[in-house]
Structure formats: C-alpha cells, structure tokens
Amino acid sequence: MVVDLAADDDLYKAIILEHYSRPPHKGPLPEHTHYDEGINPSCGDEIELFIKVDDDVVQEVNFDGVGCSICLASASMLTKLLRGKTVEEAKEFRQAFKDWITVREPEPSPVDLDELEALGGVRNYPVRIKCALLAWETFEGALRKQSVN
Amino acid sequence: MVVDLAADDDLYKAIILEHYSRPPHKGPLPEHTHYDEGINPSCGDEIELFIKVDDDVVQEVNFDGVGCSICLASASMLTKLLRGKTVEEAKEFRQAFKDWITVREPEPSPVDLDELEALGGVRNYPVRIKCALLAWETFEGALRKQSVN
Amino acid sequence: MTLSETRLIDKPTIKKDFPFLDGTIFLDSAATSQMPVPVCESMSEHYRLGASNVHRGVYDWSVRATDKFECTRRKVAAFIGAQDERECIFTGGTTDALNLLAQTWGETNITAHDTVVVTSMEHHSNLLPWTQLAERKGANLIWWEVTDEGELDLDQLPEILAAQPKLVALTWVSNVLGTINPVEKLIPQLKEHGATVVLDGAQAVPHMPCDVTKLGADFLAFSAHKMLGPTGIGVLWGRAELLEEMPPCRFGGSMILSVRRDRVRWAEIPHKFEGGTPNISGVHGLGAAIDYLNSIGMDKVRKHEVELVTYAMEQLGQLDGLKVFGPQDPARRSGVISFEFRGIHPHDLATIIGREGVCARAGHHCCQPLMKNLGRQGTTRASFYIYNTREDVDVLVGALKKAGEVFKDVIL
Amino acid sequence: MTLSETRLIDKPTIKKDFPFLDGTIFLDSAATSQMPVPVCESMSEHYRLGASNVHRGVYDWSVRATDKFECTRRKVAAFIGAQDERECIFTGGTTDALNLLAQTWGETNITAHDTVVVTSMEHHSNLLPWTQLAERKGANLIWWEVTDEGELDLDQLPEILAAQPKLVALTWVSNVLGTINPVEKLIPQLKEHGATVVLDGAQAVPHMPCDVTKLGADFLAFSAHKMLGPTGIGVLWGRAELLEEMPPCRFGGSMILSVRRDRVRWAEIPHKFEGGTPNISGVHGLGAAIDYLNSIGMDKVRKHEVELVTYAMEQLGQLDGLKVFGPQDPARRSGVISFEFRGIHPHDLATIIGREGVCARAGHHCCQPLMKNLGRQGTTRASFYIYNTREDVDVLVGALKKAGEVFKDVIL
Ligand SMILES: Cc1ncc(COP(=O)(O)O)c(C=O)c1O
Ligand SMILES: Cc1ncc(COP(=O)(O)O)c(C=O)c1O
C-alpha cells in the first residue's frame with residue numbers, strides 16, 4: 001500500500017524517494033578533478049559536486065549537501081548516470097535532460113534518460129524544476145570552472 | 001465691458017488685477033529691519049519681503065519678486081494693509097487671513113480683511129491658496145528670523 | 001468553538017470582500033496578504049476617475065489626487081500613533097525604507113568609532129543594509145543572539161548596553177519565529193544608553209495596535225502589501241528632529257525647494273525624501289487598507305490572531321513528529337508559525353500541502369543567519385491574517401498528515 | 001482633416017478604453033498619462049485572482065504571479081530592443097532608476113579625476129543624482145548648453161569630447177521643450193571618447209520606437225506611468241557587462257544568493273538590484289500597457305503625435321502674443337509644447353484654461369536650470385498622447401483666448 005501511494009503520486013515516485021533515502025554516491029570525493037557548489041537562493045539548499053575526470057571520461061561523481069527530495073534524488077541519479085560517460089557525452093546528457101524537463105509537453109528525449117524519467121512529474125510544479133536541475137547546473141559549473149583539457 | 005468681465009470672474013477680480021498691474025509698494029526697501037524670501041517650489045515663484053519695524057510698529061513693508069497674479073496681488077495687499085499696524089496686530093491680521101482663506105466655508109473674519117476679501121475666490125482653486133499665502137508666510141518667516149524685541 | 005471568532009471578525013463580510021479565497025487555504029500572509037475588494041477598487045478609482053500626478057497640477061484631477069495622497073499620510077500617522085504626519089515618508093516598501101534610512105541617516109551618523117547592533121532574527125532587509133554599512137564604515141558590529149526558545153537573549157542586554165551602540169536594528173515581530181519582541185521594555189533602555197532604534201515593523205504593524213510615540217522608537221518601517229494593501233508601497237516613519245537633520249538621498253522632482261546651478265535647496269520633510277513621481281495609486285491603496293483594518297479595529301485583529309494561533313498550536317501539537325519553532329506561549333507570538341515535520345524537507349512539505357489547497361511557505365524566509373542558528377536550511381511556515389479561520393487550521397493539519405503518508409518510508 | 005488621424009488611432013476604441021476622458025481635455029501626459037481600462041483590469045487581476053509574492057512560493061498563486069512577472073521582463077526587453085531580459089531592472093520609476101544607477105555605477109566609477117557632463121535641459125531626476133555625485137566625489141562637471149532654438153548646442157560637442165567625460169547624462173526628449181535630441185548620432189561619438197551614456201527615456205520610450213541595441217546606449221531609464229501604465233514602477237535598462245560589475249545598493253530579500261554572518265553573496269542580475277518585494281501589480285500593469293501600445297504600434301503612436309503637434313503649432317501660431325519654446329519643426333519634437341502667452345503667468349494661464357476643461361501644466365517642470373536659461377520662472381505646457389485629437393487643440397486655443405480676455409487690461 002505504501003508503495004502504491006508513492007507510485008500513484010505524480011511527483012514523489014518510489015524511485016525518487018529511494019534515491020533520496022539511500023543515495024549510492026553521497027559524500028566528498030577527495031581525489032576529484034572538478035568541483036563546484038550550487039545554491040538555490042530561494043530555499044537555501046546547497047549541493048556540492050565532486051567529479052573525477054580521467055582520460056576524458058567521468059570516472060567518478062559524488063554529491064554532498066542538503067536539499068529537498070527532488071533536488072537530492074536528481075543529484076543522486078546524476079552521480080549514477082554520468083559515471084563512465086565521456087565529458088562530451090555527459091554534457092549532451094545534461095542538456096538533453098534540461099531540455100526535456102523544462103518544456104511543458106516534451107518530445108521523447110533523444111538520449112535515454114533512464115531513471116530521470118521519474119522526475120517528469122515536476123513539470124506540474126514549475127518552481128520545483130529548479131530543484132531538479134540544481135545538481136546538473138552545478139555539474140556544468142564545475143566543468144566550466146576548470147575546463148577539461 | 002472689460003471691467004465687467006473681471007468683476008464677473010470668481011477669481012480674477014478687478015482689484016486683484018489692479019494690484020497685480022500697479023503694486024504701490026514694490027521694490028527693495030534699503031532700510032528694512034526684517035527680511036525674508038519665500039519660494040513656491042512647484043512653480044518657482046519667489047517673493048522677497050522688506051519690513052521696517054520701529055517702535056514695535058510696522059512702519060513700512062515692500063515686496064519684490066516674480067509670481068502669478070494671485071501671489072503678487074496678495075503680496076501687494078499685504079504691503080498696503082500691514083503698514084501702521086503694531087507687530088502684534090500684524091500677526092493677528094495674518095492669522096485671521098490665513099484662517100479665513102484656508103477653510104472651505106469661512107465664517108466672517110473677526111478682523112476687517114478689507115481688500116483681501118477679493119481673494120476669497122481662490123477657495124475654488126485649492127492649489128492657488130498657496131499662491132495667496134506665500135507673502136504672508138514670508139512675513140511670518142521674516143519676523144521669526146529676527147524677532148522684534 | 002467558532003462562536004467567539006465570529007464575533008471578532010464578521011465572516012460574511014470576509015467572504016464578500018475576499019471572494020477568491022473560496023477553496024484556497026491561504027496561509028502565507030507573512031509574505032504578502034490578500035487584498036479585499038474595497039481596497040482594490042480604491043486603487044482602480046485613481047485611474048478610472050482620471051489619473052494625475054500629485055503636488056504639481058492646478059487642474060481638478062491633480063487637486064483630487066494630491067488631497068487624497070496627503071490625506072492618506074495623515075491616516076498613516078494616526079494609524080501608527082505618529083504625532084506629525086510629516087514624519088511619514090512613503091517608500092517602495094519596508095526594504096526600500098530601511099535602505100533609504102541606511103543611505104541617509106546611516107551614511108551621516110555611523111563612523112568607524114561606532115557600534116551597530118543587529119539581531120540574529122532580522123530579516124535580510126533589516127540586516128544587510130546595516131551590516132553592509134558597518135563594513136563600509138569600519139564600525140563595530142554586535143549580533144544580538146536568539147535563545148533556544150526563539151526569543152532575544154535578554155542576558156546579552158547588559159553587554160549591548162555597555163557597548164553604547166549608536167544604532168540598534170530590531171524587528172518588532174520575527175517573520176520566522178513569530179516572536180513578539182518586548183520593544184516597549186527594550187527601547188527605553190537602549191535609548192538611555194544613546195542608541196537610535198530602528199524598528200522593522202513589517203510583521204507587526206499589520207497585526208497589532210501600534211503607537212510609535214508611546215514606544216519611543218526613532219524609526220519604523222513597514223509595507224502595505226502585508227496589511228491588505230498593494231505591493232510597491234511602504235512607509236518609513238521617523239522622528240521629525242531626526243528626519244530634518246538627514247540629507248536627502250533620492251534626488252529628482254518634488255524633493256527640492258529650488259535648483260540653481262550653484263546651489264540646490266531641499267524641500268521640507270517629508271517631501272525631501274520623496275523624489276520623483278510617487279506610487280500614487282499605491283498610496284491610495286494603503287489608505288483604503290488602513291480604513292479596512294480600522295473598520296475591524298486593530299485590537300480585534302490581534303485577538304483574532306491570538307485565538308487562531310492558540311488553536312493552531314494545540315492542533316499541530318497533536319501531530320507526531322511536529323515541532324513548532326519559537327515561543328510556545330500564543331500570547332508572546334504573532335500569527336506566524338514555522339515548523340518542522342518528521343524531517344520532511346520544507347519544499348516537499350509545502351508542495352504536498354499545496355496540492356491540498358494550502359498555500360504555505362518553505363525556505364529561509366530571508367533570515368539565513370537565523371536558519372543557521374536553528375541548524376536548518378529552512379522551515380515550513382504558515383501565517384494567519386484576518387480572513388483565516390479554525391477550519392483553515394484543520395485543513396492544514398489534514399494536509400500535513402498526507403505529507404506524512406507520502407514520506408512514511410523515507411529514511412532521513 | 002481628422003481622417004488620417006482616425007486611420008492612425010481608432011477613436012471608438014479610445015472612447016471605450018478611456019471613458020473618463022469624456023468632457024476633459026487632458027493635455028498633461030508628460031506629467032502622467034491616463035490608464036486605459038484593460039491596463040487597470042490587468043492590475044486588479046493580480047489581487048482579484050489571489051495575490052502572491054514572487055520568486056519564493058511553491059503554491060500555484062505564486063507560480064502564476066512569478067511567471068507573469070518574468071514574462072513582463074521579457075516584454076519590456078523586446079519593447080526597448082534589449083538583447084537580454086536580464087538587462088531590465090524594475091525600479092520605482094525613472095527617478096528611482098537614475099538614483100540607483102548613481103548609487104552603484106556612479107559611486108564605484110566616478111572619482112575626482114573624472115569629468116561628468118549634464119545638459120542644461122535635464123529634468124532634475126537626471127541632473128541632481130549626477131551633480132550631487134560629482135560634488136561628493138570632487139569630479140569635474142560640464143554643463144552642455146542649450147541653444148536659443150532649444151536644442152543641444154552641437155558647437156559645444158568638440159569641447160565635450162575633448163574632456164573625455166566618464167559619464168554623460170542626457171535626456172532623449174526634453175520634457176519642457178519637446179526637443180528630440182539626436183541620440184543616434186551623439187551616442188557613438190560620446191562612446192568613442194570613452195563616455196558612459198545614461199539616457200533619460202522618460203519622455204521618449206512612451207512616444208516613439210526604441211531600440212537600445214541600435215542606439216548603443218549604456219543605460220536607459222523610464223517610467224510606466226507616462227506610458228499608460230501605473231505609478232510606482234519603472235525600468236532601468238543597462239548593458240549586462242556593466243550591470244554585472246556593479247555592486248548592489250538596495251539590500252534585502254530576493255537579491256542574495258546566500259547570507260552568512262561572515263560572507264554575503266549576491267544574486268545574479270537583474271535580481272541583484274531588486275531587493276525586497278517588488279511592485280508586482282505595477283509590473284503587471286506595465287506589461288499590459290506595453291501590450292496596449294504594441295497593439296497600436298509605436299510607429300503609429302509617433303505619427304499620431306507628429307500630426308497633432310503639426311496642427312497645434314499651426315493653430316497656436318495664429319494666436320497673437322503666443323510663443324512656443326523649443327524647435328519649431330514638428331519633426332524634431334515630441335508631443336510636448338511649452339509656451340508663453342502675452343506674459344500671463346503660467347499659473348494664471350493654467351487656471352483659466354483649466355476652467356474650460358483643459359488640463360495643462362504650469363511651472364518649471366522640474367527643470368529649473370533650463371528655466372533660468374529661458375529667462376522664465378516657468379512655462380505653460382500642453383502635452384499630447386494617443387487619446388488626444390485635433391479637437392483638443394481647438395479647445396485649448398479657445399481657452400487661451402478666454403485667458404487673453406481676462407488679462408486684457410493687465411499691464412505686465
Ligand atoms: C524627462 C523626464 N525625466 C525624468 C522624469 C521623472 O520621472 P518619474 O517622476 O516617473 O520618476 C520625468 C517626469 O517627471 C521626465 O519628464
Ligand atoms: C520582518 C520583515 N522585514 C522586512 C520585510 C521586507 O518587506 P518588503 O519585501 O515588503 O520590503 C519582510 C517581508 O518580506 C519581513 O517579514
């Protein structure tokens with residue numbers, strides 16, 4: 001019944017609450033090559049992103065910080081989904097997710113968004129889109145700050 | 001006919017236009033004991049008042065400056081009517097005029113306002129009340145600045 | 001149960017004047033209040049009868065607008081207990097008022113030798129103008145701390161008095177904790193020690209009787225949009241002696257006596273501080289809002305709030321895992337209730353109760369230093385006003401239960 | 001005669017949207033314009049649908065208010081030809097915008113080694129912020145003079161360019177003389193010599209097409225209440241590079257990224273400059289006003305004005321003893337006509353024509369240095385907008401004749 005409730009919820013899908021409860025890649029990553037922090041000024045949520053790029057591939061990503069379920073679940077999904085992608089692929093993936101989540105009636109995304117599809121419900125809650133995007137903007141910021149050469 | 005027109009006018013009575021055209025006491029008064037200038041900030045009109053008090057009596061008053069017909073006629077009437085009054089009488093007279101002109105439906109004034117009664121029409125033009133009062137406020141300012149002892 | 005409430009605020013009138021509240025449980029009046037139809041109409045009237053600028057035109061429309069404008073100034077003065085309407089300056093809001101103050105009074109009075117006190121429960125609007133000023137001037141800055149109960153730490157008062165601060169920036173009512181600071185006790189002591197006291201009245205003036213003369217404060221700021229009026233208009237009240245000495249800081253039309261190339265003379269107060277075309281319809285709206293509040297009576301407004309808060313504290317208290325921040329005694333707090341519920345993030349909580357038709361606020365409420373003290377990023381906040389009822393509280397409680405359901409399996 | 005006019009601006013629509021103008025000849029739009037019913041309704045809507053603060057709430061009302069707010073920012077950007085909506089900062093009006101600019105850009109950029117240029121036709125709002133700043137900083141101040149024809153003295157341009165001013169404060173259109181300054185020619189030259197150009201657009205943006213990108217200006221300020229919108233709202237537009245470097249100067253809610261006791265980080269532009277609850281309904285009103293003007297088309301607005309001014313200059317020219325200040329060529333002027341009539345004091349003139357139902361303005365129009373140049377205390381000013389017609393001009397002329405009668409025996 002609990003699972004049903006979550007499944008019925010247009011926003012708080014089970015997979016989101018699962019990532020929120022038990023993020024697989026949370027905590028600082030001492031040997032990162034890229035880092036940035038993101039702030040949502042309206043709620044004060046703060047995300048840190050630790051990225052280890054090697055050989056032009058995102059080897060590891062971890063996040064840390066405090067935030068709402070949407071924000072942290074999205075961050076956790078990021079850490080899972082960007083692992084192993086080349087920097088270029090990661091950037092494209094980020095853009096695809098952003099494009100998909102910020103339009104009212106999205107086309108199917110050109111890339112497979114995987115678990116992120118569960119976040120589609122935020123479209124009904126426009127202010128929460130920022131929450132879903134915070135980690136991804138932070139990712140972009142981290143790469144921009146210290147561009148991969 | 002011209003005189004009629006002016007007489008019929010609720011604001012621009014003949015006596016007002018007469019004072020405006022030919023003020024009897026205009027121009028600086030070198031041997032004044034009191035002086036002040038008044039400004040109407042909304043139109044830029046400026047009045048100077050020169051007062052000679054002797055033996056506690058207003059011996060002479062002149063005005064100078066630029067302004068509209070109401071402002072200058074009122075100033076000119078002042079220079080005529082305050083002459084010969086004691087300072088105390090002049091102050092009372094000023095107050096009586098102010099009280100009379102600033103209420104919508106005045107009681108007959110306790111003092112004889114003489115020609116000033118012609119200014120009663122400004123009550124229909126509330127912003128112009130300031131014009132009618134400028135010289136009188138300046139008179140008060142001049143006395144205050146350099147109080148008669 | 002709702003009987004005494006009905007006696008305080010007439011429900012049919014509220015229903016008629018706030019028709020859009022039907023079906024919405026609006027619990028965010030601390031952010032901005034709703035506007036009753038009569039206030040809205042009074043604002044439109046300015047335009048529908050023919051708009052005009054104020055203080056300058058000789059034609060009838062301008063006279064009408066100017067009369068109403070200055071008449072509202074008198075109304076404001078009476079509403080807050082000011083002795084002289086010239087002490088009331090129209091601004092764009094509380095934030096605008098406090099910044100204006102920092103720019104004129106602050107710039108000319110605070111030096112590197114002075115001490116400035118801010119409390120850690122200040123809204124950013126009564127915090128940053130002063131911390132930035134202190135930094136710019138190299139002045140000494142003291143933070144007046146808040147106790148675990150969410151009240152100003154009175155044990156720190158001797159230290160503060162000993163520092164002889166030039167300025168104390170103090171909120172009358174906290175927009176997060178609901179705490180009503182004991183300003184009538186604090187102000188005389190602070191002033192005895194030479195302080196100028198700036199009261200942030202944004203959350204107080206709309207909710208309780210105000211008498212600045214009795215309080216003895218130096219400055220008070222508040223916003224119309226939190227008291228049934230429109231956005232874009234607020235008031236800075238200050239004691240005439242202080243205002244007269246302050247230089248103007250917004251230069252333009254209407255604030256001058258005369259302008260020559262080599263010499264500018266400023267207008268008298270309050271006009272000296274009101275450069276440019278003011279928010280005329282906003283002022284009209286503020287006037288109408290004051291009329292509306294006066295027609296209820298500020299005593300009743302406050303009583304209604306105490307009743308509601310009492311009921312809300314009781315009901316919320318019965319929810320497992322719910323913690324209300326700030327004073328627990330309803331008599332010591334306003335109609336602002338910040339709470340935490342089972343560790344659910346305020347954003348999530350506000351979203352879920354929002355789906356049940358409850359408008360509440362989540363976040364730091366522009367009080368980040370206070371959040372730091374509370375050890376939180378943010379809180380969920382419900383705030384009441386004249387149109388709220390016990391039923392609203394019941395809906396809130398029901399909505400919170402639903403949120404509990406959604407997050408029941410979440411480990412935090 | 002009125003045929004071509006009818007083609008430009010649809011009279012029945014005007015009658016419907018400005019019903020209160022019936023019987024009143026409103027010739028004071030340079031002070032403040034009238035508001036059409038649709039704009040008024042758009043403002044009321046914000047309150048009648050349920051008010052909310054912007055940028056902070058998670059509930060629907062807040063989302064709706066925020067969307068409309070930010071959508072208006074895009075509308076404003078498009079209206080003035082800005083490339084980036086983030087370049088448009090909402091302020092309380094033109095005066096507020098220019099003071100904000102002086103307080104941030106001015107404070108940080110002007111030093112004792114710099115030269116500041118103001119023209120002698122500036123409104124006090126684009127004059128005093130800069131003369132006061134120059135005085136405060138000990139900067140060099142140059143007055144750009146006005147010719148007897150009421151145009152900027154271009155012979156002085158070499159001198160001005162040679163001084164390499166850091167700042168030139170320049171009105172696009174004079175609110176007294178109606179002069180349209182040749183900004184598209186002047187700005188490139190001024191900028192080539194290193195100047196930052198601040199355009200006062202208060203009398204231009206409402207009356208003619210505007211493209212700041214093409215103009216190449218650095219800053220532009222204007223007010224909603226002169227373009228069919230409400231009081232209390234205006235815009236400061238600035239180039240993003242400049243805005244990004246400017247420190248904020250109105251501290252409070254919504255303009256921060258994060259606040260810690262030891263460190264404050266500011267929000268991005270434009271929010272950095274918009275501390276506090278903004279004038280939300282005012283912004284909505286500005287948006288609706290822009291919609292209204294766009295539905296006519298700014299080209300048509302300008303053409304209508306040229307037609308009216310042409311007619312007015314002709315008709316006024318036939319009155320004995322009437323002198324129009326400023327350029328005589330209607331193509332070089334806006335719908336603002338200042339005049340003198342037989343030496344009758346402007347206050348008297350405005351009062352008498354006011355009795356005939358004509359609302360015009362008398363005084364120095366917040367341009368005292370210009371008045372000094374003209375050798376007058378003030379002028380009488382008639383100004384036109386979309387709702388004015390040739391018949392209005394006829395009534396004005398008739399009213400002036402009456403004034404002539406009243407003052408016929410007066411010796412001046
Ligand atoms: C040229 C000019 N600049 C500035 C202003 C000031 O505008 P506001 O009073 O809306 O701030 C005005 C109008 O009063 C004006 O005509
Ligand atoms: C205590 C307090 N101070 C100041 C403000 C700022 O008011 P405004 O946003 O109207 O300027 C608020 C509300 O936001 C407040 O609650």
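To find a chain, count down the sequence lines: A is the first, B the second, and so on, and within it residues start at 1. Computed from a predicted model, the values in this text were never measured in an experiment.
Within 6.0 Å of atom NZ in A:Lys85, more than 12 heavy atoms from other residues, nucleotides or ligands are found, so the atom counts as buried in its surroundings.
Between C:Tyr385 and C:Tyr387, the angle of the ring planes goes over 60°, which puts this pair in the perpendicular group of the 30/60° scheme. Between C:Phe20 and C:Phe18, the ring planes are perpendicular. Angles over 60° get that label, and only those under 30° would be called parallel.
Residue contact with chain C, scored on non-hydrogen atoms closer than 4.5 Å, is absent for A:Leu72. In this structure, no portion of A:Cys71 lies under 4.5 Å from any heavy atom of chain C. Of the atoms belonging to C:Arg355, it is side-chain heavy atoms, and not backbone ones, that fall under 4.5 Å from chain A. For C:Gln377, the parts lying near chain A are the backbone and the side chain together; criterion is any non-hydrogen pair under 4.5 Å.
In this structure, C:Phe407 has its ring center under 6.0 Å from that of A:Tyr12.
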